[in-house]
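Read through the structure below, which is laid out as structure tokens, and then see the notes.
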Amino acid sequence: MTETAHTGVSHRHWILIAAMLAMFMAAIEVTIVATAMPTIVAELGGFSQFGWVFSVYLLTQAVSVPLYGRLADLWGRKRVFFIGTSLFLLGSVLCGFAPAMSWLILFRAVQGLGAGAIMPLTATIIADVYSPKERAGIQGWLSSVWGVAAVVGPLTGAWIVAHFSWSLVFWVNVPVGIVSMLMLARWFPESRGETRQRLNLAGSGWLMLTVSALLTALLQAQLLGNWAFVLSGVAILSAFMLVRHEKRAPAPLFPLVIWRSRTIVAGNLGNLIIGAAMMGISAFLPTWIQGVNGGTPLQAGSALAMMSIGWPLASTLSGRLMLRTSYRFTAQLGSLLLIAGTALLLTLHVDSGISYAGFAAFVIGTGMGMTSTTFLIAVQNSAEFSVRGICTASVMFSRLLGSAAGTAVMGAVLNYNLAQRLPQHDDPVQQIMAQAQREALSQGSLQHVIGEVASSLHWVFAVSLVIAFASLAVARFIPAKKPE
């Protein structure tokens, strides 16, 4: 299939619907499981392992994303998509049968290994059947999936655990995935490059070791203590070995053409930054609303959902804007919106309303939707068919890596500030988040702790603002031309 033959593919609307179903399956997984976790913990126990249910999913997903991207270029999109989706569905079924928290963590790892194929492969499949000019507009449809999942996921999860077994939270995705695969099997023509190269197994091993060690150190730094430094050392050493191996390998995981393209490098850096900046709001705005403002989890979730609403709206707008202006202008406008939204977080104070926080989240969501879509489309349109899979996967991998790094950095900033401001308090955030502990504090002590936590969170938002400014700098490296 050549670049000029994309518009000749019949039934493209069915292929798009199949891709949107697959993306919805992966998107809703995050929100629906988060809503059901308190019920799952109450039945299975193992609260101390609670964090690993999410961390191991992110870890295995991040490790597998670039591998699936390269395999898609070597083996064909359809075959690799079916392998990954089948693995995801198998993990989903097994999660529903988990008899204990340790088993649930193991099955979530399997689920994450499959999830690593869904996002990059659906984006690559859409890029294969739509022309470069059409891709800019079609991204709005794909991004809208995340907005719908952000609203439907929590509501569905709450309804399921209230009326049925929590196992259904994992099983509800199975029919969606099966329908998506059947539709692609029927209407998507297999596409494969002319290369007969095999997967670089040694390079894959070094990549998995590097990413696993790095993400584990970042995501579990507080729990691991000094072992986090050991894992960081392992990540650095294995990364060195990966680079050394890639330079000599006849079929590198990341072909040199990727790193010779300024657009592809900028797209990856941009998504790394977006992933890091996103955690300033995703991880810490709910803490502000519930801890500082004394809001409910529902209010925190509602404010955060505004980001997921702004993202697809801006993504749709960015597609039209690119066609009238340029990649660079659209990316820079998105970066300015991201900067403006993050700056709004710095103006939050103890008496700020929930609606104000929601507005800040909406502005940030518009900035992220506009920049991420522009970076992805620019990368896909500059990549040859033979490396489009790994280029698309690298962009999404960069965002996952940025999210993990942003969580670790901003968490460290928050903990350092709390230790300096409230040295006599053990876990002050928990003291004002938990209603019983909050009511146990005297009014004067409560106001003091809230004030210091608010000041500490402002430092987190300041770091997020600095990261947002970096996206504006990266946007300058995107071509000042329209999709053609």
Side-chain angles (χ1 to χ4, degrees), residues 30-31 34-35 37-38 47 50-51 54-55 58 150 154 218-223 275-308 341-365 403-422 425-441 445-468:
V30 179
T31 54
T35 306
M37 275 311 296
F47 180 78
F50 178 89
F54 300 98
S55 295
L58 175 62
L218 291 173
L219 295 172
Q220 300 294 328
Q222 194 169 11
L223 179 65
M278 182 169 60
M279 300 316 296
I281 177 173
S282 298
F284 300 102
L285 184 61
T287 302
W288 178 283
I289 293 174
Q290 291 183 249
V292 177
N293 292 143
T296 64
L298 179 60
Q299 289 174 319
S302 300
L304 199 58
M306 294 300 295
M307 181 179 72
S308 299
T342 310
L344 287 175
L345 295 180
L346 285 173
T347 65
L348 287 172
H349 52 82
V350 176
D351 297 323
S352 295
I354 306 299
S355 58
Y356 186 82
F359 175 70
F362 178 82
V363 176
I364 291 173
S403 297
T407 302
V409 170
M410 295 181 200
V413 169
L414 178 61
N415 290 334
Y416 174 80
N417 274 274
L418 291 175
Q420 296 297 312
R421 297 171 183 274
L422 297 167
H425 289 260
D426 182 28
D427 198 354
V429 174
Q430 179 65 22
Q431 287 183 342
I432 61 174
M433 290 276 284
Q435 192 63 33
Q437 295 186 43
R438 188 184 182 100
E439 293 175 353
L441 295 172
S445 180
L446 176 61
Q447 294 304 316
H448 173 67
V449 173
I450 288 176
E452 297 301 332
V453 169
S455 298
S456 299
L457 284 170
H458 272 138
W459 277 101
V460 172
F461 298 147
V463 172
S464 186
L465 179 60
V466 172
I467 295 173

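- Annotation for Ala357 and Ile289: closest pair CB-CD1, 4.2 Å, computed over non-hydrogen atoms.
- Checking side-chain atoms of Asn293 against main-chain N and O of Val350 turns up a donor-acceptor pair under 3.5 Å.
- When the side chain to side chain contact (heavy atoms under 4.5 Å, CB included) test is applied to Ser445, the partners found at least two apart in sequence or on another chain are His425, Leu441, Ser442, Val449.
- Between the side chain of Ser455 and the backbone N or O of Gly451, at least one donor-acceptor pair lies under 3.5 Å.
- A salt bridge (Lys or Arg N to Asp or Glu O under 4.0 Å) check over residues 277-293, counting only residues at least two apart or in different chains, returns nothing.
- Leu345 CG to Trp288 CH2: the interatomic distance, rounded to the nearest 0.5 Å, is 9.0 Å.
- Across every non-hydrogen atom of Thr342 and Ala468, the tightest pair is OG1-CB, 4.1 Å.
- Taking every heavy atom of both residues into account, Ser403 and Met278 meet most closely at OG-CE, 3.6 Å.
- One distance of note links CG of Leu414 with NE2 of His458; it measures 12.5 Å at 0.5 Å rounding.
- Taking CD from Gln290 and CD1 from Ile354, the interatomic distance works out to 9.5 Å, rounded to the nearest 0.5 Å.
- Every residue was checked against the ring pair (Phe, Tyr, Trp, His ring centres under 6.0 Å) condition with His349, not counting sequence neighbours, and none meets it.
- Counting heavy atoms from C-beta on, the side chains of Leu422 and His448 come closer than 4.5 Å.
- Rounding to the nearest 0.5 angstrom, the gap separating the CD atom in Glu452 from the CG atom in Asn417 is 9.5 Å.
- With sequence neighbours left out, the side chain to side chain contact (heavy atoms under 4.5 Å, CB included) criterion links Val466 to no other residue.
- Rounded to the nearest 0.5 Å, atoms CH2 (Trp459) and CZ (Arg421) are 8.0 Å apart.
- Here the closest heavy-atom approach between residue Leu344 and residue Ala360 is recorded as CB-CB, 3.8 Å.
- Remark: Ala276 engages Ile467 in a side chain to side chain contact (heavy atoms under 4.5 Å, CB included) (not counting sequence neighbours).
- When all heavy atoms are compared, the tightest approach of Ala361 to Ala303 is CB-O, 3.4 Å.
- Applying the side chain to side chain contact (heavy atoms under 4.5 Å, CB included) test to Ala405 and every residue at least two apart in sequence or in another chain returns Leu218.
- In this structure, the separation between OH on Tyr356 and CG on Asp351 is 13.5 Å, given to the nearest 0.5 Å.
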